[in-house]
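One structure below.
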Protein chains: 2
Amino acid sequence: MTPRKKTAQTAKPPKSVKPAKPGLTRDSIIAAAMAIIDRDGYEELSMRKLGKELGVNPMSIYYHFPNKVALTDALIEVVMSSIDLSLDDPGRATEERLLNAAYIYRNALLAYPTLIPAMAGRAPRTIPGLRPVEVLISIFVESGMTVDDAFTSMSVLASFVRGAVAREVYTELELQNAGQQESFATALAGILSPVEFPNLVKVDARCEYLGSEAMFDRGARALIRGLLETYVSEKEED
Amino acid sequence: MTPRKKTAQTAKPPKSVKPAKPGLTRDSIIAAAMAIIDRDGYEELSMRKLGKELGVNPMSIYYHFPNKVALTDALIEVVMSSIDLSLDDPGRATEERLLNAAYIYRNALLAYPTLIPAMAGRAPRTIPGLRPVEVLISIFVESGMTVDDAFTSMSVLASFVRGAVAREVYTELELQNAGQQESFATALAGILSPVEFPNLVKVDARCEYLGSEAMFDRGARALIRGLLETYVSEKEED
DNA sequence: ACCTGAACACCGTTCAAGT
DNA sequence: ACCTGAACACCGTTCAAGT
């Protein structure tokens, strides 16, 4: 709050391009936060713990991020940007390219499962985060859709992936919480009335239906098929 | 507000089927929590605020629920159980029945948008919560699927609905935060290079693509179509 | 059986102050 | 410009105690 006399003299590099003094950086903070999330999960991340992890006063973080949600936004952007669709091969069949993209998206989300609730309905809003979006849209466009239908299709496919991965993660978490004890399916089977739940009872009886990944695979394939059949206008094979 | 000693006669019913003394009930706690969520959103729900809402010591709640996640589980069950598919009409076309079910699921989730992150990948685990699941499976079965494929299809459709609704809610929230200022789409359009983002730039140029509900509709239809075409074995029309 | 009060071990955030 | 310390207003939860 002092008047601040501005440049006592050349004394300091007048136009150094970067201050280059940090010690604490946005990036180092993000890295430390990711380390905590990797180790203990997102729900264990606190500003104070993060300060400790960085060997720094927790309040220092507030100089680099206005608050915790801004920090969380940054963490989510890291995950979003880790989706790399640059290896997409335009030579392959449309269905394959889309399925591949869905898997890559899925794997990126699975890498930070505890972040998933926080990511909920979020769409990427930065250049690196949008790159895979562009790729996805272009695949749809190349298959014969209008840009608008391609955008919608991309959005629908992304919604499915997020929803499916969320259930995948939650189910796995439930399974390991259940531990040794009887699977939830068999537990329910004993309770459900076959009169009111004739179909569910039959599913439970097999007890071991599909694994999460197989379910994801089938869902993604069906959705892709439906999207292509619905929005690709009839045209010659080239 | 007077103490009101409640029939001093008979001393006390020795074997009354229910204690019937509560004052504080699981149900009254749940109702109060829902009221807070309605008013301020789930993120504002705390045990202490809930105590105040009930006019009771916050710690009393711990007699009825072991902790906050157990309470949250109960709240989620309320939402899950509010999904009422009992009006499903087996006379209508399969696609219509499924689309209708998807909409009902969607509307139930939209009623408590702030609860959505907490609901993430959750599947219902109580009788009333499972009723709509049974209905959905039966629709697929009646259309000609095996029980297992029907289960998978139901699960896939549910994943899509949750994913789509999550994005819907988040997008709406972003829009109202943006308020008067230029829409995100147009803001991005100025930033994105048409060389790197040829398709996205075109989408943004129109600026106003589809609304959330229209997107949901198209996604649900495409997914339903894909599921039916993929898993309904060829058979005569009856 | 049902509820209370005090206490514990945490949170996120603000802000004046240090260098 | 970058970091610190103390303080504020909260949290969820435990537990001995009240009725």
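Each chain gets a letter, A, B and so on, in the order its sequence line appears, and its residues count up from 1.
- Ring orientation note: the planes of B/F216 and B/Y103 are nearly perpendicular, at an angle over 60° on the 30°/60° scale.
- Interface residues of residues 46-60 of chain B facing DNA chain D, ordered by number: B/S46, B/M47, B/R48, B/K49, B/M59; criterion, heavy-atom separation under 4.0 Å.
- A donor-acceptor contact closer than 3.5 angstrom is absent between the side chains of A/T25 and A/D27.
- Look at CZ on A/F65: it is 16 Å from P on C/dT14, rounded to the nearest Å.
- Atom CG in B/N67 sits roughly 14 Å away from atom C1' in D/dC11 (whole-Å rounding).
- Salt-bridge check for A/E77 with A/R125: failed, with every basic side-chain N at 4.0 Å or more from each acidic carboxylate O.
- One finds no side-chain N or O of B/H64 lying less than 4.0 angstrom from the OP1 or OP2 phosphate oxygen of C/dA1.
- Summarising the geometry, atom OG belonging to B/S28 is positioned 7.0 Å from atom NE2 belonging to B/H64; distances are rounded to the nearest 0.5 Å.
- Atom-to-atom distance recorded for A/M80:CE and A/R131:CZ is 14.5 Å, nearest 0.5 angstrom.
- You'll find the side chain of B/L45 stays beyond 4.5 Å of the side chain of B/D40, heavy atoms only.
- To the nearest 0.5 Å, the span separating CD1 on A/I29 from OH on A/Y63 amounts to 11.5 Å.
- To the nearest angstrom, P of D/dC3 lies 11 Å from CD1 of A/I61.
- Going from atom CG of A/L45 over to atom P of C/dC10 covers 16 Å, rounded to whole Å.
- As a whole-Å value, the separation of A/K68 NZ from C/dC10 P is 15 Å.
- Which of C/dT13, C/dA1, D/dG12 sits closest to the side chain of B/Y63 comes down to C/dA1.
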**Q.** DNA chain D base-pair string [pairs: Watson-Crick or G-U under 3.5 Å; |: paired with another strand]
**A.** ||.|||||...|||||.||
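- Of the residues listed (B/S86, B/S82, B/S81), the one engaging B/D84 in a side-chain hydrogen bond (donor to acceptor under 3.5 Å, both in side chains) is B/S86, and it is the only one.
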